[in-house]
Protein chains: 2
Amino acid sequence: MVHEARADRASGGEPAAPQRTAGQRSARLPRDERRAQLLAAAQEVFVANGYHGAAMDEIAETAHVSKPVLYQHFPSKRELYLALLDSHLASLTDLMLGALSSTTDNDERVQAVMRAYYRFIASDDQAHRLVFESDLINDPDVSSRLETFNKTFADAVARVIAEDTKLPQLEAQLLGRGLAGMAQVSARYWLETDGNLDLDVASDLIYRLAWRGISRFPKES
Amino acid sequence: MVHEARADRASGGEPAAPQRTAGQRSARLPRDERRAQLLAAAQEVFVANGYHGAAMDEIAETAHVSKPVLYQHFPSKRELYLALLDSHLASLTDLMLGALSSTTDNDERVQAVMRAYYRFIASDDQAHRLVFESDLINDPDVSSRLETFNKTFADAVARVIAEDTKLPQLEAQLLGRGLAGMAQVSARYWLETDGNLDLDVASDLIYRLAWRGISRFPKES
DNA sequence: TCTGTATGCCGATCTTAATTTCCAAAAGGG
DNA sequence: CCCTTTTGGAAATTAAGATCGGCATACAGA
């Protein structure tokens, strides 16, 4: 059951239709399109199995392509993973910073950020599994990229906090990290119990929890 | 440079002293002690390299023991890891539930829980890296154990929240998960920037953030 | 239309690395 | 002194990442 669909190339040169039916090896593709397709296949397999659980064999198979093709586009499994991670982190960063600059009111800012976070987690490519549940965290490149993102995000939140509470940098940053963690963890939990709670209801709940916590935060208890 | 410390056995049978100097292969040990020693060595290597980065070779070497000895105590690398994970999760659960039952005042409860969390993260065996930064999360056994712990903890917090706010189960649980995430993430950040902020100061900051957020949480904004 | 060239693609290996096991030697108790 | 238990060197096994050489296809220019 390995070579079930190979007759197309062996049976003469008749090019017939340029597009093949699903389940076949793909026809020749321009480099860019092939690359995009490989990334999509890798995304699927990485999300389903994690980095270590994913085999290059399976990624190639998912893309209906042989392994050498994969290696013509990405020098290694690790590079392939990093390409996906970078792409997701870039778009997530855009979402976050966009939400932060969507208003000048800090209250609304927190609400917008939380909602953006939930939207990202809910996005149907399950990018969050690659980003927040990576099993390659020990790789220095992976952890440094994640740390860069977390810092960017937490610092932005910390600025809002510092502005609203006059708390010193260091402490505002700790709170920023805490709120970032709250968003991440609660959103992932919400996703698993989806159907029970609407996205906006859930993210608003967390937003109110966060905002009540930080607004006019007292320096002494 | 692989077998640098192997002269003891090759150079005649002279048993000399029953205990060896450090760096040598160990003497015979009662089964329990040997097991404990192996667990300690595994803990060290797993923490330093993650599950996938850790080699049974290195664990055996760290314990000054050969690989077959390791396999006489643990049937596989995975079982060895699970034994450690179980042990850490059990003690963490104890810490949490202990903190929750240390008082009947919800305000103080939250403070005690946060402090306990920070203490666990700060514990010098770095157990938190095995628990919260595992690169074996895709293993069903690992993730189910983690989920069990998270549920236990978040449910306990959710009970406090429900009591204080009259919020429905579902929403209280979401907030519970969020606060658990806040504790985890902020504590790990705090650990990395240690020296800048005292444990009690940091955990109190987070506790106040959490308590302000949840106490008398309004059902409508 | 014919031919040369560059590009895309694949089957079949190669290689490495890490877990797991085999078997003979040593240690210690009765 | 023998017999059971424990130990380690070395090797078997497996699995997965990475590669080699050749074949087919599209297309440009004559």
Side-chain angles (χ1 to χ4, degrees), chain A residues 2-18 20 24-38 42 45-46 49-61 63-81 136 139, chain B residues 2-20 24-35 37-38 42 45-46 49-61 63-81 135-136:
Chain A
V2 174
H3 307 95
E4 77 291 351
R6 294 282 314 115
D8 53 345
R9 210 164 63 87
S11 68
E14 166 210 84
R20 308 305 169 92
Q24 314 278 83
R25 298 274 191 232
S26 352
R28 289 174 65 120
L29 232 50
R31 202 172 164 77
D32 287 353
E33 287 178 38
R34 178 63 81 198
R35 181 187 159 94
Q37 183 214 9
L38 293 177
V45 176
F46 280 137
N49 304 94
Y51 178 82
H52 293 289
M56 292 298 264
D57 277 301
E58 194 183 344
I59 295 174
E61 202 172 329
H64 308 295
V65 146
S66 72
K67 264 197 294 182
V69 174
L70 202 44
Y71 280 93
Q72 276 159 10
H73 288 261
F74 302 95
S76 72
K77 183 183 176 183
R78 199 169 143 279
E79 291 291 332
L80 175 53
Y81 186 86
L136 196 63
D139 184 294
Chain B
V2 174
H3 309 94
E4 78 289 351
R6 291 285 313 113
D8 52 346
R9 210 165 66 87
S11 67
E14 167 208 84
Q19 77 289 13
R20 309 304 171 87
Q24 314 278 84
R25 296 280 188 229
S26 354
R28 289 171 66 119
L29 232 50
R31 198 169 167 78
D32 288 352
E33 287 178 39
R34 177 66 80 199
R35 181 188 158 94
Q37 182 212 12
L38 293 177
V45 176
F46 280 136
N49 304 93
Y51 177 81
H52 293 289
M56 292 298 262
D57 276 302
E58 194 181 345
I59 295 174
E61 203 173 327
H64 308 295
V65 144
S66 71
K67 274 192 289 179
V69 176
L70 201 46
Y71 279 93
Q72 276 160 7
H73 288 261
F74 303 95
S76 72
K77 182 183 177 183
R78 198 169 144 279
E79 291 291 332
L80 175 54
Y81 186 87
D135 55 351
L136 196 63

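It should be emphasised that the depicted structure is a prediction, and the values quoted were computed from it without experimental measurement.
- To the nearest angstrom, P of C:dG8 lies 14 Å from CZ of A:F74.
- The aromatic rings of B:Y51 and B:Y81 lie perpendicular to each other, with more than 60° between the two planes, well past the 30° mark.
- Spacing between atom CD of A:E61 and atom C1' of C:dC9 amounts to 16 Å, rounded to whole angstrom units.
- Atoms CG and NE2, from A:L80 and A:H73 in turn, are 11.5 Å apart once rounded to the nearest 0.5 Å.
- Computed from coordinates, the B:L70 CG to C:dT21 P distance equals 12 Å when rounded to whole Å.
- Between B:D135 and B:G53, the shortest heavy-atom distance links the atoms OD2-N, 4.3 Å.
- Distance CZ/A:R35 to CD/A:Q72: 13.5 Å, rounded to 0.5 Å.
- The two residues A:P75 and A:E79 make their nearest non-hydrogen contact at CG-CG, 3.6 Å.
- Annotation: the span from B:R31 atom CZ to B:R34 atom CZ amounts to 11.0 Å, rounded to 0.5 Å.
- B:A60 and B:S66 get closest at one heavy-atom pair: CB-C, 4.0 Å.
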Considering only nitrogen or oxygen atoms on both sides, find all protein atoms under 3.5 Å from nucleotides 17-19 of chain C and state each distance.
residue : atom : partner : partner atom : Å
C:dT19  : OP1  : B:A54   : O            : 3.2
C:dT19  : OP1  : B:K77   : NZ           : 2.9
C:dT19  : OP2  : B:M56   : N            : 2.9

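- A:E33 has its CD atom 17 Å from the P atom of C:dT7, to the nearest Å.
- One can place CG of A:L80 at 14 Å from C1' of D:dA18, the figure rounded to the nearest angstrom.
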Interface polar pairs with nucleotides 4-6 of chain D, N/O, under 3.5 angstrom:
residue : atom : partner : partner atom : Å
D:dT6   : O4'  : B:R28   : NH1          : 3.4

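- Taking the side chain as every heavy atom from C-beta outward, A:L70 and A:L38 approach each other to under 4.5 Å.
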